[in-house]
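Okay, so here's the structure we're looking at.
So you know, we letter chains A, B, ... as the sequences are listed, proteins then strands, and number each from 1.
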2 protein chains.
Amino acid sequence: MYSIDNKQFPCSTSLTMKYIGGKWKAVILIHLIKKKRYSELRKELPMVTERTLSLQLKELESDGLITRTVHTNKPPLKVDYALSEFGQTLIPLLKGIAEWGKEAAAKSDQVTIVPC
Amino acid sequence: MYSIDNKQFPCSTSLTMKYIGGKWKAVILIHLIKKKRYSELRKELPMVTERTLSLQLKELESDGLITRTVHTNKPPLKVDYALSEFGQTLIPLLKGIAEWGKEAAAKSDQVTIVPC
DNA sequence: CAGGATCCCCAAGGATACTG
DNA sequence: CAGTATCCTTGGGGATCCTG
């Protein structure tokens with residue numbers, strides 16, 4: 001049994017899901033395997049709304065998975081996001097998740113592949 | 001871009017999360033690596049409420065990840081749940097998720113390990 | 001025994017407009 | 001450029017009781 005900030009997680013699986021669960025966290029993390037500007041991230045993830053993206057980034061940062069670096073403080077701002085050392089330990093898992101999705105799409109007849 | 005039942009998934013990662021995301025799906029799946037009776041599952045997962053467990057099991061079944069087998073139709077019923085062939089392809093990933101959680105708990109100073 | 005039915009609530013997430 | 005602020009919707013999940 002694990003606990004973070006007085007919230008309980010009954011097993012290691014649920015603990016991992018606290019970090020990468022939710023609708024977009026894993027997607028954002030996998031895009032941050034390469035360090036990226038906020039605006040680049042937005043362009044790559046148009047399906048995630050501004051508000052949600054920035055909330056998720058904050059959570060990921062406070063969870064210690066990513067780092068946020070501000071390069072100028074006079075507008076226009078430049079902000080980089082990247083995986084922290086801790087976040088980098090997730091890379092194999094993230095790649096596994098993406099890979100399984102691809103294979104599942106190929107196998108399952110419930111999934112259809114559509115052009116963007 | 002993928003689509004299931006008219007819902008859009010922009011990348012393979014989000015597709016995987018559709019299957020194992022949510023608060024309990026991965027936890028339930030990992031417990032079903034060994035075939036199990038409904039009542040056994042309930043005992044092992046006391047933190048998941050009845051309603052949620054049965055809803056999640058239904059979803060997992062309709063997603064094709066698990067199979068449900070009824071052994072008697074006169075009460076008392078006996079029902080087994082197990083990973084389907086498709087669901088079994090998730091096993092390495094599920095183990096990876098559980099494993100990362102353990103290591104994260106050991107490393108992170110935000111996580112505390114508490115007795116049940 | 002293995003769930004379904006009901007009621008409820010909160011938090012995740014969406015849309016849009018605005019700002020240091 | 002990189003976010004906040006505000007408002008709103010929805011559905012995931014909890015608690016409890018009931019049933020084939």
Heavy atoms under 4.0 Å, any strand shown: does Lys58(A) hit a base, just sugar-phosphate, or nothing?
sugar-phosphate
Nearest-nucleotide check on DNA chain C, Trp24(A) vs Glu50(A); residue mapping nearer the 5' end is Trp24(A)
Nearest whole angstrom, please: distance from the P of dA11(C) to the CD of Gln56(A).
15 Å
To the nearest Å, how far apart are Lys78(B) NZ and dG20(D) P?
22 Å
Restricting to non-hydrogen atoms, name the atom on Asp63(B) and the atom on Lys18(B) that form the minimum distance, rounded to 0.1 Å.
OD1-NZ, 3.6 Å
Using whole Å, report how far CG of Asp80(B) lies from P of dG3(C).
10 Å
Examine dC1(D): is either OP1 or OP2 under 4.0 Å from a nitrogen or oxygen in the side chain of Ser39(A)? Give yes or no.
no
Rounding to a whole Å, what distance do you find between Glu44(A):CD and dA2(D):C1'?
16 Å
Rounded off to whole Å, could you give me the NZ-to-P distance for the Lys23(B) and dG12(D) pair?
13 Å
Check: Thr16(A) side chain, Ser12(A) main-chain N or O, donor-acceptor pair, under 3.5 Å
yes
Using atom types as modelled and distance alone, determine if a side-chain donor or acceptor of Glu61(A) lies under 3.5 Å from a backbone N or O of Tyr81(A).
no
Interatomic distance, Leu53(B) CG vs dG12(D) P [rounded to whole Å]:
16 Å
Rounded to whole Å, please give me the gap between CZ in Arg51(B) and C1' in dA2(C).
16 Å
Ignoring hydrogens and angles, tell me if any N or O in the side chain of Thr112(B) forms a donor-acceptor pair with the backbone of Ser3(A) under 3.5 Å.
yes
Counting only side-chain heavy atoms from C-beta out, which of dG14(C), dG3(D), dG3(C) sits nearest to Thr49(A)?
dG14(C)
If only side-chain N and O atoms of Thr52(A) are considered, is one of them under 4.0 Å from the OP1 or OP2 phosphate oxygen of dG14(C)?
yes
Is the phosphate of dA2(D), meaning OP1 or OP2, less than 4.0 Å from a side-chain N or O of Ser54(A)?
no
When rounded to whole Å, the CG to C1' distance for the pair Leu55(B) and dC7(C) reads 14 Å
Donor-acceptor under 3.5 Å (Gln110(B) side chain, Ser62(A) main chain)
yes
Give a yes/no answer on whether the side chain of Tyr81(B) brings an N or O atom under 4.0 Å of OP1 or OP2 in dG3(C).
yes
